2 protein chains.
Amino acid sequence: MSVEDRFSAALHNTARMWRLALDRRLRDLGVSQAGWVSIAYIAKTQGPLSQGELANLVQVEAATMVSTIDRLEKAGLVLRVASESDRRVKHVVLTPAGEVLYGKVRARADEMRRDILGHIEPEKLAMTADILENIQALIETP
Amino acid sequence: MSVEDRFSAALHNTARMWRLALDRRLRDLGVSQAGWVSIAYIAKTQGPLSQGELANLVQVEAATMVSTIDRLEKAGLVLRVASESDRRVKHVVLTPAGEVLYGKVRARADEMRRDILGHIEPEKLAMTADILENIQALIETP
DNA sequence: ATCTAATACTTAGAAGTCTAACCATTTACG
DNA sequence: CGTAAATGGTTAGACTTCTAAGTATTAGAT
């Protein structure tokens, strides 16, 4: 197995295992991953956030974000608010219940991050992040 | 943003971008990612491979693998073969068409790997893979 | 002012993923 | 040997994701 093979397998497998591990920690909150990722971005964004902007932040298609927001709205965690300056646009805001949930999500994600990454030197993490970000730039350059 | 935050975001985003980039390169082959990943593992495995074993290799649930194999079988790329030693078990084998497809998939994946990772020193890749594999081990240890 | 192009959100449908539950078969144990 | 537990594959349903196509609105050009 070449180093490239090994690297791409490690990337894929680690990302997947991370996601599944976090899913398990958040399962009892009753919100899916797509849900809490979206909630987190809404909470962290200052000012109005449109559905399309949220989809970009979460890196999914606009169509995907529609049903995610539908479910969150139905669960009473977010609201759609019509924009006053552009009638095509709807903003997404957290409800108080959504704020509470975000607090829990953040605490658990932080905890898991500490549990796992706390065993690795910060310089190594920084260097790995550098390389991964470099790869992102390479992927984005056709 | 802490280095841990930065790292976990980089992991998630890089893995996702890699996957989407590879998807784009393989799109015209008419087989999905789940399909060609499964085909690759079948091709690379010596001897009989059961559905459950394949699911483990691909890291999905057995139930997920059922429909993936259904679709590949329907496309004439794999066959289910009953096991002679255990009546519960079905083995999955590639058809000749499946073998041909695997050759194409491998060539393109290799090409993409070279295109992207060819710009990065192998020592850096090896070191990153080490760290990622270390993280996998940490995730697996509850 | 009018028309075309672009944008924002929505719907539909196929594929992919998981959990839970099920049936048939095999294994383990008393 | 008989029974309980474990295993392998399957089905059902909710969620997730994408592409394609559609409607309403806005931006830009003439």
Side-chain angles (χ1 to χ4, degrees), chain A residues 12-13 15-39 48-75 77-92, chain B residues 12 15-17 19-39 48-75 77-92:
Chain A
H12 171 72
N13 292 332
R16 178 182 163 77
M17 287 171 72
W18 186 286
R19 202 182 63 236
L20 292 181
L22 192 48
D23 266 2
R24 283 195 295 268
R25 289 193 186 224
L26 297 173
R27 171 149 305 144
D28 65 301
L29 296 184
V31 176
S32 66
Q33 184 185 17
W36 53 255
V37 169
S38 301
I39 282 173
L49 183 64
S50 73
Q51 292 187 203
E53 286 164 342
L54 179 57
N56 285 338
L57 289 174
V58 178
Q59 295 194 331
V60 298
E61 298 296 316
T64 307
M65 188 50 72
V66 169
S67 45
T68 300
I69 294 171
D70 284 347
R71 285 189 296 272
L72 293 178
E73 200 177 23
K74 187 174 177 181
L77 300 170
V78 306
L79 289 175
R80 280 180 169 100
V81 180
S83 161
E84 297 189 348
S85 52
D86 185 335
R87 298 211 291 190
R88 299 171 299 182
V89 174
K90 294 179 190 170
H91 296 304
V92 195
Chain B
H12 171 73
R16 178 181 163 78
M17 287 172 71
R19 202 179 66 237
L20 292 180
L22 192 48
D23 265 1
R24 282 194 298 268
R25 287 191 185 226
L26 297 172
R27 172 149 304 146
D28 65 301
L29 295 183
V31 175
S32 65
Q33 184 185 18
W36 53 256
V37 168
S38 301
I39 283 172
L49 182 65
S50 71
Q51 293 187 206
E53 287 165 341
L54 180 57
N56 285 336
L57 288 173
V58 178
Q59 294 194 331
V60 298
E61 297 295 318
T64 306
M65 189 49 73
V66 170
S67 46
T68 299
I69 294 170
D70 283 347
R71 284 188 298 269
L72 293 178
E73 200 177 24
K74 188 172 178 183
L77 300 170
V78 307
L79 290 174
R80 282 180 168 100
V81 179
S83 161
E84 297 188 349
S85 51
D86 185 335
R87 299 214 289 193
R88 298 172 300 181
V89 173
K90 296 179 189 169
H91 296 305
V92 196

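Hydrogens, waters and symmetry mates are skipped; everything else that's a heavy atom, side chains included, is used. Here the structure is a predicted model, which means the values were calculated and not measured. Residue numbering restarts at 1 for every chain, and letters A, B, ... go by the order of the sequence lines.
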A/Gln51 atom CD is separated from C/dA8 atom P, nearest whole Å, by 11 Å
Side-chain contact test, heavy atoms from C-beta onward, threshold under 4.5 Å: evaluate it for A/Leu72 versus A/Val31 and give yes or no. yes
Using a strict heavy-atom distance below 4.0 Å, which residues from residues 59-69 of chain A are in contact with DNA chain C? A/Ala62, A/Ala63, A/Val66
Is any side-chain heavy atom of A/Gln51 closer than 4.5 Å to a side-chain heavy atom of A/Val66? yes
Kindly say if B/Gln33 contacts the phosphate of D/dT17, meaning a side-chain N or O under 4.0 Å from OP1 or OP2. no
Compare all side-chain heavy atoms of A/Asp23 with those of A/Trp36 and state whether any distance is below 4.5 angstrom. yes
Taking atom P of C/dT17 as reference, at what distance in whole Å does atom CZ of B/Arg19 sit? 9 Å
Please name the residue in the list A/Ile69, A/Ile39, A/Thr68 that meets the side-chain contact (heavy atoms from CB on, under 4.5 Å) test with A/Val92. A/Ile69
Check: protein-nucleotides 3-6 of chain D nitrogen or oxygen pairs below 3.5 Å:
none

Rounded distance in Å - CG (A/Leu77) to P (D/dC15): 13 Å
So do B/Arg80 and B/His91 actually touch side chain to side chain, heavy atoms under 4.5 Å? no
Donor-acceptor pair, side chain of B/Glu73 and main chain of B/Asp70, under 3.5 angstrom: no
Short side-chain N/O contact to C/dT10 OP1/OP2 from A/Arg80, under 4.0 Å: yes
5' priority, DNA chain D, between A/Asp86 and B/Val89 [closest heavy atom]: B/Val89
Determine whether A/Val81 and A/Lys90 make a side-chain contact, defined as any pair of heavy atoms from C-beta on separated by less than 4.5 Å. no
For the residue pair B/Leu54 and B/Leu49, establish whether any side-chain heavy-atom pair is separated by less than 4.5 Å. yes
Between D/dT26 (P) and A/Glu84 (CD): distance, integer Å: 13 Å
Kindly say if A/Arg27 contacts the phosphate of D/dC15, meaning a side-chain N or O under 4.0 Å from OP1 or OP2. no
